[in-house]
Amino acid sequence: MKKILFATNNQNKVKELRETLAKMGFELLTNRDLDNPPEVVENGRTFEDNAVLKAHALATYSNLPTIADDSGLMVDKLNGQPGVRSARYAGDHNDARNNAKLLAELGGVPTEKRTATFYSTIVVSYPGKFDQDLIVTGSTDGVITTIPQGENEFGYDPLFYIPEKKKTYAEMTVAEKNEISHRGKALKQITALLPGWLESVE
Ligand code: IMP
């Protein structure tokens, strides 16, 4: 099996990618499989900037083809916040505090004005070929609930409601979420493009 690195410590993201990559014949390694991987400061202005920072740093360190995802929630009523600051919206990276802050900021805002979009940019980099990065994006529209709904505790999932499915992301299985989610849509493009891209850079 060919090895590919997913430049993340986030096991929820890993769950969403592992099966798809395995079906394509890849063994998915993550930062946990590396000794002392570099901490990447995510100080880019866009999701793409941050995904590129992670993919380049970890591809250089591991010498493996490397996938990185940067994602975030843009809430219309908050002029697109938290956006690229989604992870540290409430200060440090704490999902419960981020969710509490989001609900507080939207206090009293009626359902029809609680619209938001989740974005994902996935970058795949090949060591030494950083001018040929594969870059795809995905986005999904939803509505921010007034109370958390669902068991899955990944980030903003309990607050992100998909009207067509009548469920929050946190009420979906991984497969259901991948069907319609921002990251799932980006992942579908990766599935289509990765084999050809690898052949061209190797
Ligand atoms: P990053 O892409 O790892 O920088 O994460 C950005 C922030 O958005 C973190 O707080 C994540 O928990 C959150 N986030 C990213 N993707 C998702 C998702 O699919 N569901 C819920 N929260 C997410």
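Treat the numbers as computed from the prediction; the structure is a model and nothing was measured. First listed ligand is number 1; within each ligand, the first listed atom is number 1.
Checked by distance only, ligand 1 and Tyr169 stay at 3.5 Å or farther apart across all their nitrogen or oxygen atoms. Considering both main-chain and side-chain atoms, Glu16 never comes within under 3.5 Å of ligand 1 through any nitrogen or oxygen pair. No N or O atom of Asn10 sits closer than 3.5 Å to an N or O atom of ligand 1.
Every atom of ligand 1 is numbered from 1 in the order shown, and the set under 4.0 Å from a heavy atom of Glu42 is 4 (O). For ligand 1, the atoms lying closer than 4.0 Å to a non-hydrogen atom of Gly155 are 12 (O), 21 (C), 22 (N). Every atom of ligand 1 is numbered from 1 in the order shown, and the set under 4.0 Å from a heavy atom of Asp95 is 12 (O). Contact atoms of ligand 1 toward Lys177: 18 (C), 19 (O), 20 (N) (distance under 4.0 Å to a heavy atom of the residue).
Aromatic rings of Tyr119 and His182 (six-membered ring for Trp) have centroids beyond the 6.0 Å cut-off, not under it. The ring of Phe118 has its center closer than 6.0 angstrom to the ring center of Phe160.
With hydrogens left out, the protein atom closest to atom 17 (C) of ligand 1 is Phe154 CZ, 3.4 Å, a heavy atom. When hydrogens are left out, the protein atom nearest atom 23 (C) of ligand 1 is Phe118 CZ, 3.4 Å; that is the closest non-hydrogen contact. Regarding atom 22 (N) of ligand 1, its nearest protein heavy-atom neighbour is Tyr156 N, 3.0 Å. Protein heavy atom at the shortest distance from atom 21 (C) of ligand 1 is Asp157 OD1, 3.0 Å. Given atom 16 (N) of ligand 1, the protein heavy atom at minimum distance is Arg183 NH2, 2.7 Å. Remark: minimum distance from atom 15 (C) of ligand 1 to any protein heavy atom is reached at Ser71 OG, 3.2 Å. Closest protein heavy atom to atom 10 (O) of ligand 1: Ala87 CA, 3.2 Å. For atom 1 (P) of ligand 1, the nearest protein heavy atom (residue, atom name, distance) is Lys13 NZ, 3.4 Å.
Proximity of His182 to ligand 1 is established by a heavy-atom distance of less than 4.0 Å. Not a single heavy atom of Tyr89 sits less than 4.0 Å from an atom of ligand 1.
A single hydrophobic cluster is not seen to contain both Ile162 and Val174; linkage of ILVMFWY side chains at heavy-atom distances under 4.5 Å, directly or through other members, places them apart. Put simply, Leu134 and Phe26 are part of the same group of oily side chains (I, L, V, M, F, W, Y) that touch within less than 4.5 Å, one to the next. Linking Ile, Leu, Val, Met, Phe, Trp and Tyr whenever their side-chain heavy atoms come within less than 4.5 Å puts Val109 and Val75 in one cluster. Leu103 is not connected to Met74 by any chain of hydrophobic side-chain contacts under 4.5 Å among Ile, Leu, Val, Met, Phe, Trp and Tyr, and they are in different clusters.
Rounding to the nearest 0.5 Å places CG of Asp95 at 8.0 Å from CZ of Phe154.
The existence of a salt bridge linking Lys165 and Glu176 is excluded, since no basic side-chain nitrogen approaches an acidic carboxylate oxygen closer than 4.0 Å. Note on Lys113 versus Asp76: no salt bridge recorded, every NZ/NE/NH1/NH2 to OD/OE distance being 4.0 Å or above. Between Glu202 and Lys2, at least one side-chain N (NZ, or NE/NH1/NH2) sits under 4.0 Å from a carboxylate O, which counts as a salt bridge.
No more than 12 heavy-atom neighbours from other residues, nucleotides or ligands sit within 6.0 angstrom of CD on Glu19.
Nearest-residue assignment for atom 8 (O) of ligand 1 (options Ser86, Ala68, Ala170; heavy-atom criterion): Ser86.
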